[in-house]
There are 2 protein chains.
Amino acid sequence: MSEDLESLLYQMVHHLSGIEMGTSSIEPVSETSYKLDDNRDFAIPLGVSNHHVHLSQADADILFGACYHFKKLKDLSQPGQYALEECVMIVGPKGVIEKVRILGPVRKETQVELTRTDCFKIGVKAPLRLSGEIDNTPGCTIIGPAGSVQLEKGCIVAKRHIHMSPADAKRFGVENHQRVSLELPGERGGIIQHVIIRVKDSFSLECHLDTEEANALGVTGKSKVRLVK
Amino acid sequence: MSEDLESLLYQMVHHLSGIEMGTSSIEPVSETSYKLDDNRDFAIPLGVSNHHVHLSQADADILFGACYHFKKLKDLSQPGQYALEECVMIVGPKGVIEKVRILGPVRKETQVELTRTDCFKIGVKAPLRLSGEIDNTPGCTIIGPAGSVQLEKGCIVAKRHIHMSPADAKRFGVENHQRVSLELPGERGGIIQHVIIRVKDSFSLECHLDTEEANALGVTGKSKVRLVK
């Protein structure tokens, strides 16, 4: 559907529902108008994350040597985030995961994001957490080409979440930290619950699932999902 | 809840809803009565299947040698089905999966059940299918201690399904091959769609998901799920 047509539809809806027009054609949209457009319903792009590591500068220095120059592999969909060419090895009491990608930029604290299957494989009981919430999480050993780090904490399984800007949050009628459900299309589809809304100026609209969730639910990085409140 | 109490509740429900009592206390139960008991709602036990292989006698003879005597590891929940101590290696164009369990008894045709992640790992595009429906599926190579087999077909990703007896089907008000949805409890829970009902005299009540689905949805072999029509 063209943007003009979309804009026209919103205008019609606003007039019909008696809502005064905003300055932008995409806000505010009432829930009624939201239901009018099926294409718009499956509107949230899906981003699928494989297991990965965020490093602190101190840990990066130990693993790769001080002054090591990391090479960017590619930008990620969230502005300012990128994948590096470098990988590390993640080791737990029961096993090893080789070639785990490092994402940049460096963070205040090192964090290891695993799938549930990874956790069983290496024997680490990582809890379901939002990125950054690593208090009371188990550690693991990270092996790099120049050294190794024994983490005291930092292993999590990423909790399903949706990144969005404040404008998108307004458009969907949701707030930061709100729990919503998401409908996924296809033969392995369904409705997944307890998906956390994360609102920030710098976020672009995207739902994040890990590879295990995406494979189990038959969706990919090309899928679009529907927000259900 | 004790069986007596459960039976009494059903009798009350039957009287209240005007349904004539059957000979058994567990049938028939109207949808209204079904909703009265929350414990009963999450009533279907979950069985979680890791990747596995069913062998034909001919393929078993090639892989392990004619007259090889397989050793039973344990009985499975479906009557007459069991896991063997023996494993094989599954090989595709892009990789290998070691130690894939063989389930018995032998079948008419060899079948390899993989997770979607397995498929990516070994480079086999297995479709989502019910067990036994292997026409137009890709093959792979199976390696055993006495020889190897190049399958022409037989690789599938198991489609979500629920085994039940005719009595259970009547109790839940569903038919063989019907598609239903299932509600899964917990922090990674939700409602999964397109779950196929499989009715057979010998089946005991159990929903089957593969390890990837169970891990992604935060459930285990100890979980119970709720049928949603």
Side-chain angles (χ1 to χ4, degrees), chain A residues 46 48-51 95 97-99 114-122 124-130 133 156-161 179-196 207-221 223 225-228, chain B residues 46 48-51 95 97-99 114-122 124-130 133 156-161 179-196 207-221 223 225-228:
Chain A
L46 189 63
V48 180
S49 308
N50 200 352
H51 47 221
I97 311 170
E98 295 180 274
K99 293 183 187 168
L114 302 168
T115 66
R116 183 58 67 209
T117 296
D118 290 334
C119 292
F120 288 123
K121 184 180 177 188
I122 69 171
V124 167
K125 291 185 177 172
L128 207 61
R129 290 284 180 86
L130 286 177
E133 298 181 351
I156 66 169
V157 175
K159 192 178 280 210
R160 305 156 177 166
H161 58 278
R179 280 175 184 241
V180 298
S181 295
L182 279 181
E183 185 177 348
L184 312 182
E187 188 64 14
R188 269 190 152 182
I191 295 170
I192 54 175
Q193 297 164 334
H194 314 301
V195 186
I196 312 295
C207 168
H208 279 186
L209 300 182
D210 70 23
T211 45
E212 186 153 74
E213 292 178 296
N215 286 344
L217 294 159
V219 288
T220 71
S223 302
V225 300
R226 187 170 83 86
L227 193 146
V228 185
Chain B
L46 189 62
V48 180
S49 310
N50 199 353
H51 48 221
I97 310 170
E98 295 180 274
K99 294 183 186 169
L114 303 169
T115 67
R116 183 59 66 208
T117 296
D118 290 334
C119 292
F120 288 123
K121 184 179 178 187
I122 69 170
V124 167
K125 291 185 178 172
L128 208 60
R129 290 285 180 86
L130 286 177
E133 299 182 349
I156 65 169
V157 175
K159 191 179 281 209
R160 303 158 178 166
H161 58 278
R179 279 174 186 242
V180 298
S181 294
L182 280 181
E183 185 177 347
L184 311 182
E187 189 62 16
R188 269 190 153 182
I191 295 171
I192 54 173
Q193 297 165 332
H194 313 303
V195 186
I196 312 294
C207 168
H208 278 187
L209 300 183
D210 70 24
T211 44
E212 185 154 76
E213 292 177 296
N215 286 343
L217 293 159
V219 288
T220 71
S223 302
V225 300
R226 188 170 82 87
L227 193 146
V228 185

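Letters A, B, ... mirror the listed sequences (proteins, then strands); counts begin at 1. Reckoned from all heavy atoms, side chains included, excluding hydrogens, waters and symmetry mates.
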Output all residues satisfying salt bridge (charged side-chain N to carboxylate O under 4.0 Å, His left out) with B:Asp210, sequence neighbours left out; order by chain, then residue number.
A:Arg188

Side chain, backbone, both or neither: which part of [X] has an atom under 4.5 Å from a heavy atom of chain A?
X        : result
B:Thr117 : both
B:Val157 : side chain
B:Leu128 : side chain

Just jot down the ring pair (Phe, Tyr, Trp, His ring centres under 6.0 Å) partners of A:His194, sequence neighbours excluded, or say none.
none

Check ion pair B:Arg179-A:Glu187 (N to O, under 4.0 angstrom)
yes

Carboxylate-amine/guanidinium contact A:Arg160 A:Glu213, below 4.0 Å
yes

